[in-house]
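Beneath this line is the structure, given in structure tokens, with notes to follow.
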Number of protein chains: 2
Amino acid sequence: MSVSNRVTELRRRFDAEIFPAQCPSRMVLDHVTSKWGVLVLAALAEEPRRWGELRRIAEGISEKMLAQTLKTLERDGLVHREAHPVIPPRVDYSLTSRGEELAALLVPLLAWVIDHADEIVTTEQG
Amino acid sequence: MSVSNRVTELRRRFDAEIFPAQCPSRMVLDHVTSKWGVLVLAALAEEPRRWGELRRIAEGISEKMLAQTLKTLERDGLVHREAHPVIPPRVDYSLTSRGEELAALLVPLLAWVIDHADEIVTTEQG
DNA sequence: CCGGTTACTTACCGACATGCTAGTACCTTA
DNA sequence: TAAGGTACTAGCATGTCGGTAAGTAACCGG
């Protein structure tokens, strides 16, 4: 489906008030676009990661926030948690198939932001 | 470029720590994925809108937040503001070409969220 | 001269998101 | 016995985000 078709489709949805205030889509959207949710999903888009890896990749995240974010994404069925009963503990996080669908849309967005961030910040000052 | 290539590309960026804590990309990402920023960008993706229209479409947004969101997006060079010197005042908001690039990536994401929101919320309870 | 319209701005305030610091549990290695 | 690695959880402090409500400006129509 072409982009313009997508936009047209979205228009029908907006006109039909498909994005009302208390709608489930708002909730899911908040999870997906949350400050850390985006980074975690992107980090998992490439391959399964362990707790410590995620901490390092999503630089600046606290342990509390990482735990909370992962829990939310798991509840949403986007992330799969697999704990291995070994010592020291080992837990692998990966995307579910639903999560991969989402990541496929998210990654190009992130790439665009990365590519244009400097340009945009420069705009601010000019 | 294929999705898997995109992911691979992103991987190089992550490994190279292209998403560090104080990075401009984090800032831009926060604007773009902010609670109301997403909705405003999506609303403008289809056609230019007036202040009042945006208020109605992004249901639940306060005037303060709408003003703040629009100002941020304008500063980022994603939204263009055009005030007509008439009474009563008329102001049109539209996407810049940069904004349209972004919206082209954002709209499919929103569409996906809308399509899967119910399914995801159902997952929570099961 | 008073209400209505449109697009804001400002001040105030509370709640929630987030950060920081500790603490837990278990085993390994020294 | 003590330190260290891994994956958390809990409690308290804080700060920013976002909401509410009111005010501003400019003109028109009645």
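No experiment lies behind these values; they were computed from the predicted model shown. Chain identifiers are assigned alphabetically (A, B, ...) following the order of the sequence lines, protein sequences preceding nucleic acid strands; residue numbering begins at 1 within each chain.
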Quiz item: D/dT9 P sits how many Å from A/L70 CG, rounded?
Solution: 10 Å

Quiz item: Separation of A/E82 atom CD from D/dC8 atom P, in whole Å?
Solution: 13 Å

Practice problem: Would you kindly give the CZ-to-P distance between A/R90 and D/dC8, to the nearest whole Å? | Solution: 12 Å

Practice problem: Return the set of residues passing salt bridge (Lys or Arg N to Asp or Glu O under 4.0 Å) with B/R50 (not counting sequence neighbours), or none when no residue passes. | Solution: none

Practice problem: Please name all residues satisfying side-chain contact (heavy atoms from CB on, under 4.5 Å) with B/P24, sequence neighbours left out, ordered by chain then number. | Solution: A/A117, A/D118, A/V121

Practice problem: Would you mind reading off the distance between A/R55 atom CZ and D/dC8 atom C1', rounded to a whole angstrom? | Solution: 11 Å

Quiz item: B/Y93 has an atom OH; how far is it from atom P of C/dT6, in whole Å?
Solution: 15 Å

Self-check item: Rounded interatomic separation in angstrom, taking CZ from B/R49 and P from C/dT6
Solution: 16 Å

Practice problem: Using a 4.0 Å heavy-atom cut-off, write out nucleotides 11-30 of chain C from 5' to 3' as B (base contacted by protein), S (sugar-phosphate only) or - (no contact). | Solution: BB-----BBB------S---

Practice problem: Give every residue pair that meets the side chain to side chain donor-acceptor pair (under 3.5 Å) criterion with at least one member in residues 76-89 of chain A, sequence neighbours excluded. | Solution: A/H31-A/D76, A/H84-A/D92

Exercise. Provide, to the nearest angstrom, the distance between the CE atom belonging to B/M27 and the C1' atom belonging to D/dT16.
Key: 16 Å

Quiz item: Looking only at side-chain N and O atoms, does B/R56 come under 4.0 Å of OP1 or OP2 in C/dT6?
Solution: no

Quiz item: CD of A/E53 versus P of D/dG5: gap in Å, rounded?
Solution: 16 Å

Donor-acceptor pairs are to be reported for all side-chain atoms of residues 65-72 of chain B against protein atoms at under 3.5 Å, with residues two or more places apart or in another chain.
residue	atom	partner	partner atom	Å
B/T69	OG1	B/M65	O	2.7
B/T72	OG1	B/Q68	O	3.0

Self-check item: salt bridge (charged side-chain N to carboxylate O under 4.0 Å, His left out) partners of residues 95-106 of chain A, not counting sequence neighbours, each pair once
Solution: A/R98-B/E119

Quiz item: Is any side-chain N or O of B/R50 closer than 4.0 Å to OP1 or OP2 of C/dT6?
Solution: no

Quiz prompt | Close side-chain approach of B/L106 to B/V38, heavy-atom, < 4.5 Å | solution = yes

